[in-house]
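Here is the structure we will look at, set down as C-alpha coordinates.
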Amino acid sequence: MNPYGVIVLSTLLVEYVLHLLANVLNIKSLRPDVPEEFQGVFDPDAYRKSQNYTKTVTTFSNITSTFNLILILSFWFAGGFNRLDVVIRSLNMGFLFSGLIYIGSLVFLQALVSLPFRIYSIFVIEERFGFNKTTRRIFILDLIKEALLTILLGGPLIAGLLVIFYNIGAGGWLLCWLLSIVFILFIQYIAPTWIMPLFNKFTPLEEGELKQAILSYANSVRFPLKGVFSMDGSKRSTKTNAFFTGFGKQKRIALFDTLINKHTIDELVAILAHEIGHYKKHHIIKGMIFTIIHTGVIFFLMSLFIGNQGLFDSFYIENVSAYVSLVLFMLLYSPVELIVGIFSQLISRKHEYEADRFAEETITHPESMIAALKKLSVDNLSNLTPHPFYVFLNYSHPPVLERIKAMKHSNFDKVSKV
(Lines give C-alpha, C1' and ligand atoms only; values in the text may rest on other atoms or scores of the structure.)
Protein backbone atom coordinates (compact mmCIF):
# COMPACT_ATOMS: atom_id res chain seq x y z
CA MET A 1 0.00 0.00 0.00
CA ASN A 2 1.42 3.39 -1.00
CA PRO A 3 1.44 6.54 1.22
CA TYR A 4 -1.95 7.75 -0.08
CA GLY A 5 -3.62 4.52 0.93
CA VAL A 6 -1.92 4.62 4.32
CA ILE A 7 -3.26 8.15 4.95
CA VAL A 8 -6.84 7.21 4.04
CA LEU A 9 -6.78 3.93 5.96
CA SER A 10 -5.20 5.53 9.03
CA THR A 11 -7.76 8.32 9.06
CA LEU A 12 -10.70 5.94 8.75
CA LEU A 13 -9.39 3.85 11.64
CA VAL A 14 -8.41 6.82 13.84
CA GLU A 15 -11.76 8.53 13.33
CA TYR A 16 -13.58 5.28 14.12
CA VAL A 17 -11.57 4.72 17.31
CA LEU A 18 -11.99 8.34 18.44
CA HIS A 19 -15.77 8.21 18.11
CA LEU A 20 -15.93 4.77 19.72
CA LEU A 21 -13.87 6.04 22.65
CA ALA A 22 -16.05 9.14 22.93
CA ASN A 23 -19.17 6.96 22.99
CA VAL A 24 -17.75 4.74 25.74
CA LEU A 25 -16.75 7.74 27.85
CA ASN A 26 -20.13 9.34 27.26
CA ILE A 27 -21.99 6.31 28.61
CA LYS A 28 -19.70 6.18 31.63
CA SER A 29 -20.40 9.84 32.36
CA LEU A 30 -24.11 9.17 32.93
CA ARG A 31 -25.12 9.89 36.51
CA PRO A 32 -27.91 8.02 38.36
CA ASP A 33 -29.26 11.10 40.14
CA VAL A 34 -31.00 14.07 38.55
CA PRO A 35 -28.63 17.09 38.58
CA GLU A 36 -29.57 19.70 41.16
CA GLU A 37 -30.40 22.27 38.49
CA PHE A 38 -33.11 19.96 37.12
CA GLN A 39 -34.63 18.88 40.43
CA GLY A 40 -38.40 19.25 40.12
CA VAL A 41 -38.14 19.61 36.34
CA PHE A 42 -36.86 16.18 35.30
CA ASP A 43 -38.77 13.59 37.34
CA PRO A 44 -36.74 10.44 38.17
CA ASP A 45 -38.65 8.18 35.76
CA ALA A 46 -38.20 10.58 32.84
CA TYR A 47 -34.54 11.03 33.77
CA ARG A 48 -33.95 7.27 33.70
CA LYS A 49 -35.73 7.18 30.36
CA SER A 50 -33.38 9.86 29.02
CA GLN A 51 -30.38 7.80 30.11
CA ASN A 52 -31.78 4.66 28.49
CA TYR A 53 -32.34 6.70 25.33
CA THR A 54 -28.71 7.86 25.37
CA LYS A 55 -27.47 4.30 25.87
CA THR A 56 -29.68 2.92 23.10
CA VAL A 57 -28.75 5.61 20.59
CA THR A 58 -25.05 5.25 21.44
CA THR A 59 -25.09 1.48 21.04
CA PHE A 60 -26.85 1.83 17.71
CA SER A 61 -24.28 4.44 16.64
CA ASN A 62 -21.46 2.01 17.45
CA ILE A 63 -23.10 -0.73 15.39
CA THR A 64 -23.71 1.62 12.47
CA SER A 65 -20.18 3.04 12.41
CA THR A 66 -18.65 -0.43 12.68
CA PHE A 67 -20.76 -1.70 9.79
CA ASN A 68 -19.89 1.35 7.66
CA LEU A 69 -16.17 0.94 8.33
CA ILE A 70 -16.23 -2.75 7.40
CA LEU A 71 -18.26 -1.97 4.29
CA ILE A 72 -15.99 0.76 2.91
CA LEU A 73 -12.84 -1.26 3.63
CA SER A 74 -14.35 -4.34 1.98
CA PHE A 75 -15.42 -2.32 -1.06
CA TRP A 76 -11.99 -0.72 -1.27
CA PHE A 77 -9.82 -3.83 -0.90
CA ALA A 78 -12.10 -5.93 -3.09
CA GLY A 79 -11.45 -3.44 -5.89
CA GLY A 80 -15.00 -2.12 -5.87
CA PHE A 81 -14.06 1.39 -7.02
CA ASN A 82 -12.27 -0.02 -10.06
CA ARG A 83 -14.89 -2.65 -10.91
CA LEU A 84 -17.64 -0.02 -10.92
CA ASP A 85 -15.53 2.20 -13.16
CA VAL A 86 -14.80 -0.65 -15.60
CA VAL A 87 -18.50 -1.53 -15.89
CA ILE A 88 -19.49 2.08 -16.53
CA ARG A 89 -16.71 2.63 -19.07
CA SER A 90 -17.90 -0.43 -20.98
CA LEU A 91 -21.16 1.41 -21.69
CA ASN A 92 -19.26 4.00 -23.81
CA MET A 93 -21.35 7.00 -22.77
CA GLY A 94 -18.61 9.62 -22.72
CA PHE A 95 -16.82 11.21 -19.79
CA LEU A 96 -19.73 13.35 -18.53
CA PHE A 97 -22.42 10.69 -18.32
CA SER A 98 -19.87 8.14 -17.13
CA GLY A 99 -18.85 10.50 -14.34
CA LEU A 100 -22.42 11.27 -13.32
CA ILE A 101 -23.35 7.59 -13.27
CA TYR A 102 -20.19 6.65 -11.36
CA ILE A 103 -20.71 9.25 -8.62
CA GLY A 104 -24.47 8.71 -8.64
CA SER A 105 -24.01 4.96 -8.24
CA LEU A 106 -21.81 5.42 -5.18
CA VAL A 107 -24.33 7.86 -3.66
CA PHE A 108 -27.16 5.42 -4.38
CA LEU A 109 -25.27 2.47 -2.89
CA GLN A 110 -24.49 4.46 0.24
CA ALA A 111 -28.14 5.50 0.60
CA LEU A 112 -29.31 1.93 -0.02
CA VAL A 113 -26.98 0.47 2.60
CA SER A 114 -27.91 3.11 5.18
CA LEU A 115 -31.65 2.68 4.59
CA PRO A 116 -32.20 -0.26 7.01
CA PHE A 117 -30.37 1.65 9.75
CA ARG A 118 -32.48 4.74 9.09
CA ILE A 119 -35.67 2.68 9.24
CA TYR A 120 -34.61 1.03 12.50
CA SER A 121 -33.69 4.38 14.04
CA ILE A 122 -37.06 5.95 13.23
CA PHE A 123 -39.50 3.07 13.54
CA VAL A 124 -37.86 1.14 16.37
CA ILE A 125 -35.71 3.39 18.56
CA GLU A 126 -37.64 6.65 18.18
CA GLU A 127 -40.90 4.72 18.40
CA ARG A 128 -39.83 2.93 21.59
CA PHE A 129 -39.11 6.21 23.34
CA GLY A 130 -42.31 7.90 22.22
CA PHE A 131 -40.84 10.30 19.65
CA ASN A 132 -41.81 8.88 16.30
CA LYS A 133 -44.86 10.19 14.44
CA THR A 134 -43.60 9.36 10.95
CA THR A 135 -45.92 7.14 8.95
CA ARG A 136 -44.70 4.75 6.27
CA ARG A 137 -46.28 7.00 3.65
CA ILE A 138 -44.42 10.09 4.88
CA PHE A 139 -41.17 8.13 5.09
CA ILE A 140 -41.44 6.87 1.52
CA LEU A 141 -42.42 10.29 0.20
CA ASP A 142 -39.43 11.81 2.01
CA LEU A 143 -37.11 9.30 0.34
CA ILE A 144 -38.54 10.13 -3.10
CA LYS A 145 -38.27 13.88 -2.53
CA GLU A 146 -34.71 13.58 -1.24
CA ALA A 147 -33.71 11.51 -4.28
CA LEU A 148 -35.29 13.97 -6.72
CA LEU A 149 -33.63 16.95 -5.03
CA THR A 150 -30.27 15.19 -5.13
CA ILE A 151 -30.67 14.57 -8.85
CA LEU A 152 -32.13 17.97 -9.77
CA LEU A 153 -29.77 20.08 -7.64
CA GLY A 154 -26.70 17.92 -7.13
CA GLY A 155 -26.62 16.54 -10.67
CA PRO A 156 -26.06 19.88 -12.47
CA LEU A 157 -23.43 20.91 -9.89
CA ILE A 158 -21.43 17.69 -10.32
CA ALA A 159 -21.81 17.95 -14.10
CA GLY A 160 -20.43 21.49 -14.04
CA LEU A 161 -17.45 20.46 -11.93
CA LEU A 162 -16.67 17.52 -14.19
CA VAL A 163 -16.84 19.64 -17.35
CA ILE A 164 -14.49 22.23 -15.83
CA PHE A 165 -11.90 19.73 -14.62
CA TYR A 166 -12.12 17.67 -17.83
CA ASN A 167 -11.57 20.66 -20.14
CA ILE A 168 -9.24 22.82 -18.04
CA GLY A 169 -7.60 20.31 -15.75
CA ALA A 170 -6.12 21.20 -12.36
CA GLY A 171 -6.19 24.91 -13.23
CA GLY A 172 -9.99 24.83 -13.26
CA TRP A 173 -10.22 24.75 -9.45
CA LEU A 174 -10.99 28.47 -9.27
CA LEU A 175 -13.93 28.15 -11.68
CA CYS A 176 -15.16 25.14 -9.68
CA TRP A 177 -15.00 27.24 -6.53
CA LEU A 178 -16.97 30.09 -8.13
CA LEU A 179 -19.58 27.64 -9.37
CA SER A 180 -19.89 26.21 -5.86
CA ILE A 181 -20.30 29.68 -4.35
CA VAL A 182 -23.18 30.37 -6.72
CA PHE A 183 -24.70 27.01 -5.80
CA ILE A 184 -24.37 27.64 -2.04
CA LEU A 185 -26.01 31.07 -2.30
CA PHE A 186 -28.73 29.69 -4.56
CA ILE A 187 -29.58 26.92 -2.09
CA GLN A 188 -29.64 29.37 0.81
CA TYR A 189 -32.02 31.57 -1.17
CA ILE A 190 -34.48 28.89 -2.30
CA ALA A 191 -34.37 26.62 0.76
CA PRO A 192 -36.89 28.53 2.93
CA THR A 193 -39.49 29.02 0.21
CA TRP A 194 -38.99 26.10 -2.16
CA ILE A 195 -37.15 23.18 -0.58
CA MET A 196 -38.26 23.11 3.05
CA PRO A 197 -41.99 23.44 2.22
CA LEU A 198 -41.66 20.18 0.26
CA PHE A 199 -41.21 18.39 3.58
CA ASN A 200 -43.12 20.51 6.08
CA LYS A 201 -45.99 22.95 6.17
CA PHE A 202 -45.05 26.44 7.32
CA THR A 203 -47.96 28.47 8.65
CA PRO A 204 -47.60 32.16 9.58
CA LEU A 205 -48.39 32.70 13.24
CA GLU A 206 -52.01 33.60 13.82
CA GLU A 207 -53.06 36.90 15.34
CA GLY A 208 -53.02 36.70 19.10
CA GLU A 209 -51.00 37.21 22.25
CA LEU A 210 -48.02 35.17 21.06
CA LYS A 211 -47.69 37.02 17.76
CA GLN A 212 -48.05 40.38 19.48
CA ALA A 213 -45.38 39.47 22.03
CA ILE A 214 -43.03 38.36 19.26
CA LEU A 215 -43.61 41.48 17.14
CA SER A 216 -43.14 43.69 20.17
CA TYR A 217 -39.83 42.03 20.99
CA ALA A 218 -38.66 42.17 17.35
CA ASN A 219 -39.37 45.90 17.25
CA SER A 220 -37.45 46.41 20.49
CA VAL A 221 -34.27 44.94 18.96
CA ARG A 222 -34.88 46.48 15.51
CA PHE A 223 -35.20 43.18 13.77
CA PRO A 224 -37.15 43.38 10.48
CA LEU A 225 -39.45 40.49 11.24
CA LYS A 226 -41.39 39.38 8.17
CA GLY A 227 -41.47 35.64 8.61
CA VAL A 228 -42.19 33.76 11.82
CA PHE A 229 -43.84 30.46 11.11
CA SER A 230 -45.19 27.45 12.89
CA MET A 231 -43.81 24.27 11.33
CA ASP A 232 -45.68 20.99 11.55
CA GLY A 233 -42.79 19.06 13.09
CA SER A 234 -45.36 16.92 14.91
CA LYS A 235 -46.08 14.92 11.76
CA ARG A 236 -42.66 13.26 12.12
CA SER A 237 -41.66 13.57 15.77
CA THR A 238 -42.74 14.84 19.18
CA LYS A 239 -39.34 16.49 19.65
CA THR A 240 -39.26 20.27 19.95
CA ASN A 241 -37.02 22.75 18.17
CA ALA A 242 -36.72 26.12 16.45
CA PHE A 243 -34.36 27.40 13.78
CA PHE A 244 -33.35 30.39 11.64
CA THR A 245 -32.74 29.96 7.93
CA GLY A 246 -32.24 31.93 4.73
CA PHE A 247 -30.98 35.46 4.19
CA GLY A 248 -32.23 38.76 2.84
CA LYS A 249 -35.95 38.84 2.17
CA GLN A 250 -36.05 35.04 2.30
CA LYS A 251 -34.96 34.70 5.93
CA ARG A 252 -37.44 33.16 8.30
CA ILE A 253 -37.71 31.79 11.83
CA ALA A 254 -39.59 28.55 12.31
CA LEU A 255 -41.02 27.29 15.58
CA PHE A 256 -42.03 23.65 15.72
CA ASP A 257 -45.72 23.26 16.54
CA THR A 258 -44.62 20.88 19.32
CA LEU A 259 -42.57 23.73 20.75
CA ILE A 260 -45.48 26.17 20.69
CA ASN A 261 -47.76 23.68 22.41
CA LYS A 262 -45.36 23.03 25.31
CA HIS A 263 -43.95 26.46 26.15
CA THR A 264 -45.24 29.70 27.64
CA ILE A 265 -45.27 32.92 25.64
CA ASP A 266 -42.27 34.27 27.58
CA GLU A 267 -40.33 31.08 26.86
CA LEU A 268 -41.20 31.19 23.17
CA VAL A 269 -40.10 34.83 22.97
CA ALA A 270 -36.83 33.83 24.66
CA ILE A 271 -36.29 31.03 22.12
CA LEU A 272 -37.03 33.40 19.26
CA ALA A 273 -34.67 35.97 20.81
CA HIS A 274 -31.93 33.33 20.76
CA GLU A 275 -32.54 32.73 17.04
CA ILE A 276 -32.54 36.46 16.34
CA GLY A 277 -29.31 36.63 18.34
CA HIS A 278 -27.66 34.43 15.71
CA TYR A 279 -28.70 36.96 13.08
CA LYS A 280 -27.70 40.01 15.11
CA LYS A 281 -24.30 38.53 15.94
CA HIS A 282 -23.76 37.78 12.23
CA HIS A 283 -23.43 34.04 12.84
CA ILE A 284 -25.33 33.20 9.65
CA ILE A 285 -23.01 35.30 7.51
CA LYS A 286 -19.90 34.06 9.33
CA GLY A 287 -21.01 30.47 8.80
CA MET A 288 -21.57 31.09 5.11
CA ILE A 289 -18.18 32.76 4.72
CA PHE A 290 -16.53 29.85 6.52
CA THR A 291 -18.29 27.39 4.20
CA ILE A 292 -17.21 29.33 1.11
CA ILE A 293 -13.57 29.54 2.24
CA HIS A 294 -13.59 25.87 3.22
CA THR A 295 -14.94 24.96 -0.22
CA GLY A 296 -12.21 27.01 -1.88
CA VAL A 297 -9.53 25.19 0.10
CA ILE A 298 -11.04 21.85 -0.91
CA PHE A 299 -10.94 22.68 -4.63
CA PHE A 300 -7.42 24.08 -4.45
CA LEU A 301 -6.12 20.96 -2.72
CA MET A 302 -8.15 18.81 -5.09
CA SER A 303 -6.39 20.45 -8.03
CA LEU A 304 -3.08 19.14 -6.69
CA PHE A 305 -4.31 15.55 -6.87
CA ILE A 306 -6.45 15.48 -10.03
CA GLY A 307 -5.15 12.57 -12.08
CA ASN A 308 -2.57 11.59 -9.47
CA GLN A 309 -1.45 8.08 -10.44
CA GLY A 310 -0.36 7.19 -6.90
CA LEU A 311 -3.83 7.98 -5.56
CA PHE A 312 -5.44 5.79 -8.20
CA ASP A 313 -2.97 2.98 -7.52
CA SER A 314 -3.83 3.02 -3.80
CA PHE A 315 -7.43 2.16 -4.72
CA TYR A 316 -6.48 -0.36 -7.42
CA ILE A 317 -8.04 1.74 -10.19
CA GLU A 318 -6.81 1.10 -13.72
CA ASN A 319 -7.95 4.22 -15.56
CA VAL A 320 -7.28 7.80 -14.50
CA SER A 321 -10.27 10.16 -14.76
CA ALA A 322 -11.54 13.43 -13.33
CA TYR A 323 -14.71 11.91 -11.89
CA VAL A 324 -12.92 9.17 -9.98
CA SER A 325 -10.40 11.80 -8.80
CA LEU A 326 -13.25 13.69 -7.12
CA VAL A 327 -14.29 10.61 -5.17
CA LEU A 328 -10.79 9.55 -4.18
CA PHE A 329 -9.73 13.02 -3.14
CA MET A 330 -12.63 13.32 -0.70
CA LEU A 331 -11.37 10.15 0.96
CA LEU A 332 -7.81 11.50 1.00
CA TYR A 333 -9.10 14.81 2.39
CA SER A 334 -10.76 13.09 5.36
CA PRO A 335 -7.96 13.94 7.88
CA VAL A 336 -8.40 17.64 7.13
CA GLU A 337 -12.18 17.28 7.21
CA LEU A 338 -11.98 15.72 10.67
CA ILE A 339 -10.01 18.69 12.00
CA VAL A 340 -12.23 21.20 10.22
CA GLY A 341 -15.30 19.52 11.66
CA ILE A 342 -13.97 19.76 15.22
CA PHE A 343 -13.06 23.43 14.68
CA SER A 344 -16.50 24.13 13.20
CA GLN A 345 -18.20 22.55 16.22
CA LEU A 346 -16.07 24.69 18.53
CA ILE A 347 -17.10 27.89 16.74
CA SER A 348 -20.73 26.77 16.71
CA ARG A 349 -20.72 26.25 20.50
CA LYS A 350 -19.21 29.71 20.92
CA HIS A 351 -21.99 31.17 18.77
CA GLU A 352 -24.63 29.44 20.89
CA TYR A 353 -23.27 31.10 24.02
CA GLU A 354 -23.36 34.45 22.25
CA ALA A 355 -26.95 33.95 21.09
CA ASP A 356 -27.94 32.95 24.65
CA ARG A 357 -26.30 36.09 25.98
CA PHE A 358 -28.09 38.25 23.41
CA ALA A 359 -31.47 36.74 24.31
CA GLU A 360 -30.82 37.12 28.01
CA GLU A 361 -29.87 40.79 27.62
CA THR A 362 -32.81 41.77 25.42
CA ILE A 363 -35.87 39.94 26.76
CA THR A 364 -38.03 41.20 29.60
CA HIS A 365 -37.78 37.99 31.63
CA PRO A 366 -34.24 36.54 31.30
CA GLU A 367 -35.16 33.56 33.47
CA SER A 368 -37.49 32.45 30.67
CA MET A 369 -34.51 31.42 28.56
CA ILE A 370 -33.31 29.03 31.26
CA ALA A 371 -36.83 27.66 31.75
CA ALA A 372 -37.12 27.09 27.99
CA LEU A 373 -33.81 25.22 27.86
CA LYS A 374 -34.89 22.98 30.71
CA LYS A 375 -38.17 22.11 29.02
CA LEU A 376 -36.40 21.45 25.72
CA SER A 377 -34.01 19.07 27.49
CA VAL A 378 -36.84 17.16 29.16
CA ASP A 379 -38.99 16.98 26.02
CA ASN A 380 -36.07 15.70 23.91
CA LEU A 381 -34.67 13.36 26.61
CA SER A 382 -31.31 15.13 26.40
CA ASN A 383 -28.22 13.78 28.10
CA LEU A 384 -27.54 16.26 30.91
CA THR A 385 -24.02 15.01 31.69
CA PRO A 386 -22.21 14.32 28.41
CA HIS A 387 -18.50 13.60 28.61
CA PRO A 388 -16.29 16.58 27.57
CA PHE A 389 -14.51 14.51 24.92
CA TYR A 390 -17.84 13.50 23.38
CA VAL A 391 -18.89 17.15 23.39
CA PHE A 392 -15.57 18.10 21.77
CA LEU A 393 -16.13 15.69 18.88
CA ASN A 394 -19.89 15.86 18.34
CA TYR A 395 -21.70 18.82 19.91
CA SER A 396 -22.64 21.88 17.88
CA HIS A 397 -24.35 23.25 21.03
CA PRO A 398 -22.83 23.41 24.51
CA PRO A 399 -24.31 20.99 27.09
CA VAL A 400 -27.44 22.48 28.63
CA LEU A 401 -26.02 22.67 32.17
CA GLU A 402 -23.08 24.69 30.87
CA ARG A 403 -25.40 27.06 29.02
CA ILE A 404 -27.50 27.56 32.14
CA LYS A 405 -24.38 28.10 34.24
CA ALA A 406 -23.10 30.71 31.77
CA MET A 407 -26.40 32.60 31.83
CA LYS A 408 -26.62 32.56 35.63
CA HIS A 409 -23.02 33.77 35.86
CA SER A 410 -23.88 36.57 33.43
CA ASN A 411 -26.86 37.59 35.59
CA PHE A 412 -24.64 37.51 38.68
CA ASP A 413 -22.20 39.88 36.99
CA LYS A 414 -25.04 42.28 36.15
CA VAL A 415 -26.26 42.28 39.74
CA SER A 416 -22.72 42.78 41.05
CA LYS A 417 -22.19 45.81 38.80
CA VAL A 418 -25.45 47.33 40.01
Side-chain angles (χ1 to χ4, degrees), residues 96 99-100 103-104 107 145-168 170-200 202 218 222-229 231 241-254 274-303 306 322-323 326-327 329-330 333 336-337 340-341 343-348 350-352 354-355 396:
L96 181 57
L100 288 173
I103 295 174
V107 172
K145 292 173 186 177
E146 290 166 8
L148 289 175
L149 285 173
T150 299
I151 294 170
L152 295 176
L153 297 176
L157 174 64
I158 297 299
L161 299 178
L162 291 177
V163 168
I164 292 172
F165 275 128
Y166 182 81
N167 289 288
I168 302 178
W173 75 269
L174 187 57
L175 279 177
C176 289
W177 184 27
L178 294 175
L179 175 61
S180 296
I181 291 174
V182 172
F183 180 79
I184 291 169
L185 295 176
F186 175 70
I187 293 298
Q188 285 289 320
Y189 186 79
I190 68 169
T193 52
W194 291 96
I195 297 178
M196 294 169 65
L198 293 175
F199 297 90
N200 290 95
F202 291 83
R222 298 182 179 180
F223 179 75
L225 190 59
K226 294 183 178 179
V228 179
F229 297 82
M231 192 191 89
N241 204 354
F243 60 89
F244 185 104
T245 187
F247 63 92
K249 293 182 179 180
Q250 301 303 317
K251 63 179 180 290
R252 64 171 58 181
I253 292 175
H274 173 91
E275 299 303 326
I276 290 178
H278 284 303
Y279 175 82
K280 286 288 188 175
K281 295 295 181 179
H282 309 295
H283 297 160
I284 313 299
I285 298 298
K286 289 177 181 177
M288 193 177 299
I289 292 173
F290 178 82
T291 300
I292 289 173
I293 293 174
H294 179 211
T295 305
V297 171
I298 289 176
F299 282 117
F300 172 72
L301 293 176
M302 186 183 294
S303 71
I306 287 290
Y323 60 82
L326 263 64
V327 175
F329 173 77
M330 294 315 298
Y333 183 74
V336 181
E337 192 65 34
V340 169
F343 176 75
S344 177
Q345 301 275 42
L346 177 65
I347 297 300
S348 177
K350 179 177 179 292
H351 287 171
E352 292 302 319
E354 291 176 358
S396 61

G172 versus F165, closest heavy-atom pair with distance: C-CE2, 4.4 Å
Under the side-chain contact (heavy atoms from CB on, under 4.5 Å) criterion, do V327 and Y323 qualify, and how do the steps go? CA-CA 7 Å; V327 175; Y323 60 82; over 6 Å; no
Side chain proximity check, V182 to L178, heavy atoms < 4.5 angstrom: no
With a 4.5 Å limit on heavy-atom distance, are the side chains of F183 and L179 in contact? no
Could you tell me the separation between the CD atom of E146 and the CD1 atom of I195, rounded to the nearest 0.5 Å? 12.0 Å
Determine the minimum heavy-atom distance between A254 and F202, stating which atoms define it. CB-CE2, 3.8 Å
What is the distance from atom CG of L153 to atom CD1 of I190, rounded to the nearest 0.5 Å? 5.5 Å
Validation row: I306, W173 side chains within 4.5 angstrom (heavy atoms): no
Heavy-atom side-chain contact between I168 and V163 under 4.5 Å: no
Using 0.5 Å steps for rounding, measure from the CG atom of L326 to the CD1 atom of I158. 6.5 Å
Using a distance-only test with no angle check, is there a side-chain donor-acceptor pair under 3.5 angstrom linking H274 and E352? yes
Rounded to the nearest 0.5 Å, what separation is found between the CD1 atom of I181 and the CH2 atom of W177? 5.0 Å
Atom pair NE2 (H283) and CD (E275), whose distance is rounded to the nearest 0.5 Å: 11.5 Å
Give me the atom names and distance for the closest heavy-atom approach of A159 to L100. N-CD2, 3.8 Å
With distance as the sole test, does S344 use its side chain to make a donor-acceptor pair with the main-chain N or O of V340 at under 3.5 Å? no
Quick one: side chains of residues 284-303, donor-acceptor pairs under 3.5 Å with protein atoms, not counting sequence neighbours, listed by atom name and distance.
from : atom 1 : to   : atom 2 : distance (Å)
T291 : OG1    : G287 : O      : 2.9
H294 : NE2    : Y333 : OH     : 3.0
H294 : NE2    : E337 : OE1    : 3.3
T295 : OG1    : T291 : O      : 2.7
S303 : OG     : F300 : O      : 2.4

Looking only at heavy atoms, the pair that brings S348 and S396 closest together is OG-O, 2.7 Å
In this structure, CG of L157 is separated from CG of L152 (nearest 0.5 Å) by 13.0 Å
Looking at I164 and C176, what are the two nearest heavy atoms and their distance? CG2-SG, 3.6 Å
Looking at F199, is K145 sitting on its ring face, NZ or CZ under 6.0 Å from the six-membered ring centre and within 45 degrees of the normal? yes
